[in-house]
Amino acid sequence: MNLRKKLMIAPGTKVRLKKFDPAFRGDYASAEDARKELARNVARLADLQQKLYGEKKHGLLIVLQGLDAAGKDGTCWHVVSAMSPLGTTVTSFKQPTEEELRHDFLWRVHPHTPGRGQIAVFNRSHYEDVLVVRVHDLVPKAVWSTRYDRINEFERLLADSGITILKFFLHISPEEQLERFRQRLEDPERQWKISEADYKERAYWDDYTKAYEDMLEKTSTPHAPWYVIPSNHKWFRNLAVSEIIEATLDGLDLKLPQPTVDLARIRAEYHAAVARGVADADTGGKDR
């Protein structure tokens, strides 16, 4: 199954999230059934990222959005961690600071976008400014409703600069979210994730759903598509995200650059150094 094609929101599509099954798992019966495919994807990501880093013709921006416990952190741990930290950054955009609020809403975002040769991951992103601010009425509709166009223009600028953009909405059901909250309560190693806002935000589920639907409709573009990732099954979420990233990078036809030095001369210098090392070993360094 081509998950990249199946899960993408085509530009101009009317979105109703109730039509997307968050428990969907494709042709895979279980995590074990998908294990080899996921391992292959992760291995390929490491190889492709090395080529991206070496070639320095393209960059990649990965945007992760989703309700609490949807798996944004988990996706970073299980998929993004396959890539070298040498050319990968992860940024989380939380409540704006006073300084950030004195600027336009994209001011704090742009410095964290990737350059060519780099991969940047946004764990929550500039889309908070058409989601949480809307749901909680933090700015007037006349303000947040214009931001869709600003975001599309911003992402067009990045795309024109050689940055490929992939945006993932991690889609879970209310029941699955509550089950994950239970797991956090019972597991001491997960309790640090518990927030006072977890249950308060659940009361806004329908409002968030509508906000996400409008976001997906208005900002899935040919140069920056959205993918709705069924995330009730964590293993399928990881599989789908890894497959889409892998297929996208593979489509860039990445190649490591050619050497910039005279290899014949460097090879001669290497053999000369080896010969000197052997000579020194034979004489015990007495000729020095």
Side-chain angles (χ1 to χ4, degrees), residues 59-77 80 85 88-115 118-159 161 163 165-172 177 181 184 192-221 223-224 226-227 229 231:
L60 177 65
L61 173 61
I62 299 170
V63 174
L64 301 175
Q65 286 287 157
L67 292 165
D68 294 330
K72 297 178 292 296
D73 291 346
T75 302
C76 289
W77 281 112
V80 177
T88 307
T89 61
V90 178
T91 306
S92 297
F93 292 95
K94 300 185 183 298
Q95 185 174 344
T97 65
E98 290 186 10
E99 172 69 11
E100 289 168 344
L101 286 171
R102 286 195 288 268
H103 295 78
D104 68 90
F105 78 102
L106 291 170
W107 179 80
R108 67 175 182 154
V109 177
H110 208 155
H112 300 283
T113 58
Q118 299 175 324
I119 295 176
V121 182
F122 287 177
N123 182 347
R124 296 190 188 274
S125 67
H126 44 298
Y127 284 96
E128 294 295 293
D129 287 288
V130 294
L131 294 167
V132 66
V133 298
R134 169 180 173 171
V135 170
H136 290 286
D137 201 25
L138 299 179
V139 299
K141 180 178 180 179
V143 174
W144 62 254
S145 62
T146 65
R147 289 177 174 172
Y148 300 117
D149 289 339
R150 302 293 84 76
I151 287 172
N152 288 338
E153 292 162 358
F154 171 65
E155 292 176 350
R156 177 78 263 178
L157 172 66
L158 295 179
S161 301
I163 307 303
I165 304 169
L166 295 175
K167 302 180 296 194
F168 300 105
F169 169 60
L170 308 183
H171 184 35
I172 60 171
Q177 185 194 57
F181 286 171
R184 289 180 181 180
W192 64 274
K193 290 187 174 184
I194 296 174
S195 167
E196 292 282 355
D198 287 345
Y199 298 93
K200 294 178 182 177
E201 291 298 286
R202 274 179 65 84
Y204 297 95
W205 190 279
D206 291 343
D207 294 329
Y208 272 111
T209 296
K210 177 57 180 170
Y212 271 111
E213 289 173 345
D214 286 349
M215 176 200 78
L216 294 167
E217 287 179 15
K218 296 178 185 298
T219 63
S220 192
T221 61
H223 57 274
W226 274 106
Y227 297 86
I229 305 297
S231 299

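The basis for the numbers below is simple: all heavy atoms, side chains too, and nothing from hydrogens, waters or symmetry mates.
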Sub-6.0 Å ring centroid separation between [X] and [Y]:
{"X": "Tyr212", "Y": "His171", "answer": "no"}
{"X": "Phe105", "Y": "Trp144", "answer": "no"}
{"X": "Phe169", "Y": "Tyr227", "answer": "no"}

Requested in this report: State whether the number of non-hydrogen atoms from other residues, nucleotides or ligands found under 6.0 Å of Tyr199 atom OH is greater than 12.
Outcome: yes

Query raised in the report: Is the CD atom of Glu99 crowded by more than 12 outside heavy atoms at less than 6.0 Å?
Result: yes

**Report entry** Gln95 versus Glu128, side-chain donor and acceptor atoms under 3.5 Å
**Finding:** no

Report task. Verify whether one side chain among His126 and Gln65 offers a donor that lies under 3.5 Å from an acceptor in the other. Result -> no

Query - Donor-acceptor contact below 3.5 Å, side chain Ser231 vs main chain Ile229 - result: yes

Report summary line: Those residues at least two apart in sequence (or on a different chain) that pass salt bridge (charged side-chain N to carboxylate O under 4.0 Å, His left out) with Arg202 are none

Report summary line: Those residues at least two apart in sequence (or on a different chain) that pass salt bridge (charged side-chain N to carboxylate O under 4.0 Å, His left out) with Lys210 are Asp214

Query raised in the report: Of all residues at least two apart in sequence or in a different chain, which pass the side chain to side chain donor-acceptor pair (under 3.5 Å) check with His223?
Result: Arg156, Thr221

**Report entry** Atom pair CD1/CG of Ile62 and Asn123 - distance to nearest 0.5 Å
**Finding:** 11.5 Å

Query raised in the report: Rounded to the nearest 0.5 Å, how far apart are OH of Tyr127 and CZ of Phe122?
Result: 11.0 Å

Requested in this report: Run the salt-bridge test on Asp73 and Arg184 with the 4.0 Å N-O cut-off and return the result as yes or no.
Outcome: no

